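Everything quoted here is computed from the prediction, not taken from an experiment.
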Amino acid sequence: MVQAKFWVMTKHFDGFPKNSDFELKVEELPEPKDGEVLLEAVFLSVDPYMRPFSRVSMKEGDVMIGTQVAKVIQSKNPAFPVGSHVVSDSGWRTHTLSDGTGLTPILPEWPKDVSLSLALGAIGMPGLTAVYGIEDVLGLKEGETLLVNAAAGAVGSVVGQIAKIKGCKVVGSAGSDAKVVFLKELGFDEVFNYKTVGSLEEALRKASPEGYDCFFENVGGSSSFIVLQQMKNFGRIAVCGSISTYNDSEPQTGPYPYVIMIIKELKMEGFLITRWQHKHPETLRRLLAWVKEVSYLVFMMLDDFL
């Protein structure tokens with residue numbers, strides 16, 4: 001028998017999550033039955049979506065939701081041999097018994113020199129979010145200008161790199177000078193620290209005087225209303241997140257964007273990646289190919305330097 005540790009949410013969050021909202025528990029897991037596998041967590045995800053989703057999908061006492069990369073350490077399911085790795089929605093657990101439902105094997109062509117942690121990042125849910133937001137929601141075209149906020153995050157940083165691959169101008173907003181440096185290293189055309197600029201409106205106008213064709217929205221709140229005023233006519237907005245509001249105890253109110261959306265004839269669409277679940281395998285392979293290409297270019301630059 002294996003001893004599993006897991007974190008439960010003891011109470012729904014009120015404002016910013018606190019240590020007292022969680023409790024670490026232990027349980028003994030039995031041996032796998034026919035068709036089952038025993039998983040051991042290698043990497044656990046901590047993602048912004050967990051905060052709002054906990055309100056609607058969790059009860060007090062539930063294991064904290066989340067995705068993990070796990071190793072199969074015992075198996076009575078031929079589809080998942082011992083030693084293989086999978087992505088699983090097992091939450092914050094060290095060990096999990098599974099009948100195989102919902103397990104996604106790591107791509108067989110995954111390079112040995114690429115960390116499996118990327119299956120929770122650029123070659124996982126955040127990467128899928130970036131691709132579908134850019135291609136299926138925004139329909140981003142070569143030569144267009146894209147703004148992405150929370151640009152140094154798991155999703156935003158991938159959004160910017162894919163937009164550059166597609167031949168677009170990319171402007172990023174981030175919350176520290178270190179993040180600004182990081183995004184410039186990734187190839188963003190313009191980046192600013194929204195916490196230190198005197199005026200968000202002026203910073204947006206300076207970064208792209210002609211305005212923005214597309215906006216990849218991760219933050220929400222009052223700052224987004226300022227962005228809408230900088231959009232070009234017929235601009236498109238993909239609403240991925242609203243991280244500025246997740247820890248609010250009281251809902252934010254106004255300003256309301258409807259008049260500016262009417263005048264500029266803007267299109268705004270929220271989305272979840274489950275809509276394109278049938279495309280996940282092919283999209284993950286595209287993301288892996290991009291990561292391998294970037295890794296190769298970095299290796300060549302280092303080789304030239306040395």
Side-chain angles (χ1 to χ4, degrees), residues 1-13 16-29 32 36-75 77 80 82-107 110-130 150 152-158 218 240-241 243 246-247 272-274 277 280 284 287-288 291:
M1 297 180 70
V2 170
Q3 187 178 77
K5 298 179 181 179
F6 56 99
W7 287 97
V8 300
M9 183 188 71
T10 57
K11 60 180 295 186
H12 282 287
F13 309 121
F16 199 85
K18 303 177 291 297
N19 288 344
S20 58
D21 296 330
F22 302 95
E23 182 181 355
L24 181 62
K25 294 191 173 184
V26 178
E27 67 177 352
E28 298 285 341
L29 296 180
E36 291 185 334
V37 295
L38 178 62
L39 305 175
E40 181 176 70
V42 180
F43 297 103
L44 301 179
S45 71
V46 182
D47 294 301
Y49 80 84
M50 296 175 180
R51 180 64 175 82
F53 271 56
S54 67
R55 297 172 183 155
V56 296
S57 63
M58 292 184 65
K59 304 185 300 297
E60 293 180 353
D62 284 350
V63 176
M64 190 62 201
I65 56 176
T67 310
Q68 61 175 246
V69 173
K71 183 178 181 179
V72 179
I73 59 173
Q74 294 184 39
S75 178
N77 186 325
F80 304 99
V82 171
S84 63
H85 290 84
V86 298
V87 176
S88 166
D89 291 326
S90 300
W92 291 2
R93 298 181 57 92
T94 60
H95 297 83
T96 305
L97 270 179
S98 171
D99 63 1
T101 302
L103 300 185
T104 302
I106 294 294
L107 293 171
W110 194 284
K112 292 183 178 180
D113 60 347
V114 174
S115 172
L116 290 175
S117 66
L118 267 68
L120 302 179
I123 316 173
M125 180 275 291
L128 293 170
T129 303
V155 174
S157 59
V158 179
N218 292 305
C240 171
I243 58 176
Y246 290 166
N247 293 315
L272 297 172
I273 65 170
T274 49
Q277 193 161 358
H280 285 4
L284 289 172
L287 288 163
L288 177 58
V291 167

| request: Would you please test Leu116 and Val42 for side-chain contact (heavy atoms from CB on, under 4.5 Å) and show each step? | output: CA-CA 9 Å; Leu116 290 175; Val42 180; 5.5 Å; no
| query | Taking it one step at a time, do Ser115 and Phe43 satisfy side-chain contact (heavy atoms from CB on, under 4.5 Å)? | reply | CA-CA 10 Å; Ser115 172; Phe43 297 103; 4.0 Å; yes
| Are Leu118 and Trp110 close enough, and set up right, to give a side-chain contact (heavy atoms from CB on, under 4.5 Å), and what steps lead you there? | CA-CA 10 Å; Leu118 267 68; Trp110 194 284; 4.0 Å; yes
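Summarising the geometry, atom CD belonging to Gln3 is positioned 9.5 Å from atom NE2 belonging to His95; distances are rounded to the nearest 0.5 Å. Note that the CZ atom of Phe13 and the CE atom of Met58 stand 6.5 Å from one another [nearest 0.5 Å]. With rounding to the nearest 0.5 Å, the separation of CE in Met9 from CD in Glu23 is 12.5 Å. For the atom pair OG1 of Thr96 and CD of Glu36, the computed distance is 11.5 Å after rounding to the nearest 0.5 Å. Atom CG of residue Leu103 and atom NE2 of residue His85 lie 13.0 Å apart, to the nearest 0.5 angstrom. Note that OG1 of Thr10 and NZ of Lys18 are 9.0 Å apart. Values are rounded to the nearest 0.5 Å.
Not counting sequence neighbours, the partners of His280 by the ring-ring contact (aromatic ring centres under 6.0 Å, His included) test are Tyr132. Applying the ring-ring contact (aromatic ring centres under 6.0 Å, His included) test to Trp92 and every residue at least two apart in sequence or in another chain returns Phe22. Tyr49 meets the ring-ring contact (aromatic ring centres under 6.0 Å, His included) test with Phe53; sequence neighbours excluded. Applying the salt bridge (charged side-chain N to carboxylate O under 4.0 Å, His left out) test to Glu60 and every residue at least two apart in sequence or in another chain returns nothing.
Without hydrogens or angle criteria, Thr94 side chain to Lys5 main chain gives a donor-acceptor distance under 3.5 Å. Between the side chain of Thr129 and the main chain of Ile273, no donor-acceptor pair closer than 3.5 Å is present. The backbone N or O of Leu120 sits nowhere less than 3.5 Å from a side-chain atom of Ser45 that would complete a donor-acceptor pair.
At a threshold of 4.5 Å between non-hydrogen side-chain atoms, the residues Leu39 and Ser88 count as touching. At a threshold of 4.5 Å between non-hydrogen side-chain atoms, the residues Ser90 and Leu44 do not count as touching. For the pair Leu284 and Leu107, the minimum side-chain heavy-atom distance is below 4.5 Å. Side-chain contact between Val37 and Val86: absent, with no pair of heavy atoms (C-beta onward) separated by less than 4.5 Å.
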In a table with atom names and distances, give each donor-acceptor pair under 3.5 Å that connects a side chain of residues 64-74 to protein atoms at least two apart or in another chain.
unit_1	atom_1	unit_2	atom_2	d
Thr67	OG1	Asp89	OD1	3.1
Gln68	NE2	Gly91	O	2.9
Gln68	NE2	Arg93	O	3.3

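Annotation for Val82 and Ser75: closest pair CG2-N, 3.8 Å, computed over non-hydrogen atoms. Minimum heavy-atom separation, Ala119 to Ile106: CB-CD1, 3.8 Å. Gly127 approaches Leu287 most closely through the heavy-atom pair C-CD1, 3.6 Å. Contact detail for Ala154 and Val158: the closest heavy-atom pair is O-CG2, 3.3 Å. The two residues Asn247 and Pro17 make their nearest non-hydrogen contact at OD1-CD, 3.4 Å. The two atoms that bring Pro48 and Ile243 nearest to each other are CB-CG2, 3.8 Å, heavy atoms only.
Residue pairs that meet the salt bridge (Lys or Arg N to Asp or Glu O under 4.0 Å) test with at least one member in residues 38-59, sequence neighbours left out, are Lys59-Asp62.
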